Amino acid sequence: MNIFVAVYHVLQDIVCFPITIFRKIKQKHFKKQNQEEDVQRQLMQETVQNSTSFAGDNAEAILADVNSNDKVDKSNLLTFNYIVKNDYGQEIKSSFDAKSASEVEAFLVNEGYQVVKIELKKKSFLDADIRLFGSKMKAGELSFSLTQLSTYIKAGIPLIDSVRILAKQSTKPAKRKIYEKVVFDLVAGENFSKALENQKDVFPRLLINMVKASELTGDLTATLDEMSDYYTSIEETKKQMISALTYPCIVLVLAIVVIAFCLIWVVPNFIDMFSDVESELPLITQITVSASNFMSNNYLMILAIVVVITVVYMIAFRNIKSFRKAMQTFFMKFPVIGKIIIYNEVTMFTKTFAQLLNHSVHITDSMAILSKISNNEIYKEIIANTLNTLSKGGKISESFRGQWAFPVVAYEMLVTGESTGQLGVMMDKVAAHFNNLHKTAVTQVKSLIEPITICFLAVAVGFILLSIIIPMFDLYNAVGGM
């Protein structure tokens with residue numbers, strides 16, 4: 001039994017070692033990031049205080065938002081797994097974060113569920129805060145949910161009941177848990193924007209701020225419709241990219257599989273035949289035989305290295321700012337592909353900027369929101385410089401002048417919009433222009449990549465076949481001449 005315990009602890013240490021390493025990296029990264037955010041928050045505060053367009057309560061509200069901590073304190077919440085029955089007698093399993101089991105039970109009973117079981121979720125050593133994939137709700141899901149929510153409210157259904165409908169119709173436990181948390185906060189008396197903000201890991205920063213603005217104007221449904229259209233356009237852009245890359249990726253993967261199959265299983269069958277040939281093999285055959293021997297003896301190691309590199313890359317890209325910035329700069333300066341990335345980033349940046357400006361959100365606030373929702377470190381740096389410029393009383397266009405990641409056309413229209421007071425309208429036009437350029441570039445790359453991948457497959461397989469056929473002809477001629 002002691003042997004099994006020892007083996008268990010060894011395996012636990014092996015599994016936890018990379019997690020511990022990345023936790024230390026994240027702690028160091030977050031410490032540096034918090035210092036940068038403090039500097040940016042100070043710039044925001046100076047900018048708002050120096051701005052002449054704010055007065056009274058409005059300025060105080062903005063300063064409060066600037067100084068607020070972005071992280072919601074969830075340290076005192078526990079996760080409870082529960083099983084309930086709905087009105088149709090169907091069992092629903094999910095989980096909920098609360099301070100006590102009685103709080104969870106009270107909430108579930110209030111929602112009309114029959115509680116079957118509630119228990120505290122047990123934590124294991126595999127529970128880690130390192131995630132390979134983001135937890136934010138997808139643009140397509142957001143678009144449909146916002147449309148539903150707007151429709152329910154227009155039909156006279158109260159907001160809290162509308163969110164309840166979204167929760168009850170959700171078939172995925174994770175999605176139901178999201179809406180149940182929103183309902184819980186609404187029942188507790190929180191505003192809708194605050195309920196969304198309590199789950200800022202799920203809901204985009206832009207949506208939270210737009211809902212917050214709509215609560216001040218009293219036009220929530222219009223904002224929900226506009227944000228639904230916004231996330232629909234984002235989803236369409238994403239689908240265009242996926243559609244353009246799906247076929248080439250499939251062809252590339254098949255090419256790699258076919259080449260690996262030929263080198264690992266087909267070529268070795270001919271090696272013994274070639275070993276009987278007294279004359280020296282052609283160079284093309286020697287290369288293929290060497291590659292086959294290497295692949296046959298090391299294919300598991302090669303596969304493991306590829307998986308490890310992929311996982312490490314994804315974790316590093318998500319958690320290490322300097323690495324993420326370096327990779328984004330590399331891809332944005334890469335021929336053809338870089339143009340697509342820049343067009344997409346400029347489209348998203350200007351479209352979001354236009355949405356904020358058209359809803360009377362001040363430029364300073366807009367920049368602060370854009371810095372939170374952007375995932376591109378190059379644009380975050382430009383926005384940080386913009387905040388610095390605004391804090392000194394300068395113009396927004398000064399920070400975008402000469403930036404390689406911001407095309408000249410977009411810059412000139414930004415200057416025009418700033419000088420004419422029609423910045424929101426100009427940003428809408430820039431977004432439409434670069435969205436069209438993005439679609440055209442994606443189509444061109446798709447038409448370019450397809451023949452390249454097919455040619456790659458043909459050349460690779462043809463190389464292997466020639467390396468086998470040429471010595472076979474030499475062997476045939478040698479036998480025929482005897």
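These values consider heavy atoms only, across backbone and side chains, with no hydrogens, waters or symmetry-generated copies. Everything numeric here is computed off the predicted structure, so don't read it as measured data.
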Checklist entry - Backbone N or O of E418 within a donor-acceptor pair of the Q422 side chain at under 3.5 Å? => result no
Checklist entry - Any donor-acceptor pair under 3.5 Å linking the side chain of Q199 with the backbone of I178? => result yes
Checklist entry - Any chance the rings of Y82 and Y113 have centres within less than 6.0 Å? => result no
Checklist outcome for this item: Taken in chain and number order and not counting sequence neighbours, the residues that satisfy salt bridge (charged side-chain N to carboxylate O under 4.0 Å, His left out) with E111 are R164
Next on the checklist: So that I can tick it off, tell me whether E381 and K325 are bridged by a salt bridge, with the cut-off set at under 4.0 angstrom between side-chain N and carboxylate O.
Outcome noted: yes
Checklist outcome for this item: The ring pair (Phe, Tyr, Trp, His ring centres under 6.0 Å) partners of F96 (sequence neighbours excluded) come to F107, F184
Checklist entry - So do L356 and D365 actually touch side chain to side chain, heavy atoms under 4.5 Å? => result no
Checklist outcome for this item: Applying side chain to side chain contact (heavy atoms under 4.5 Å, CB included) to F261 and not counting sequence neighbours gives W265, V266
Checklist entry - Which residue pairs pass the ring-ring contact (aromatic ring centres under 6.0 Å, His included) test with at least one member in residues 365-417, sequence neighbours excluded? => result F349-F400, F400-F406
Item to check | Minimum-distance pair of heavy atoms, taken over all atoms of E190 and L186 | outcome: O-CD2, 3.5 Å
Item to check | Pairwise ring-ring contact (aromatic ring centres under 6.0 Å, His included) hits with a residue in residues 203-230, at least two apart | outcome: none
Checklist entry - Going by heavy atoms in the side chains, are N209 and V361 under 4.5 Å from each other? => result no
Next on the checklist: Between K194 and D185 (salt bridge meaning N to carboxylate O under 4.0 Å), is one present in this structure?
Outcome noted: no
Next on the checklist: Quick test of your reading of the model: are K395 and E398 salt-bridged, counting only N-O distances below 4.0 Å?
Outcome noted: no
Next on the checklist: Going by side chain to side chain contact (heavy atoms under 4.5 Å, CB included), name the residues that satisfy it together with I259, two or more places apart in sequence or in a different chain.
Outcome noted: L263, F456, A460, I464
Checklist outcome for this item: Scanning both residues in full, the closest heavy-atom pair of L149 with L166 reads CD1-CD1, 4.0 Å
Checklist entry - Minimum heavy-atom separation for L120 to T79, with atom names? => result CD1-O, 3.4 Å
Next on the checklist: If you compare all heavy atoms of S371 against all heavy atoms of K380, which two are closest, and at what distance to 0.1 Å?
Outcome noted: O-CE, 3.3 Å
Item to check | Presence of salt bridge, D161 and K168, under 4.0 angstrom | outcome: no
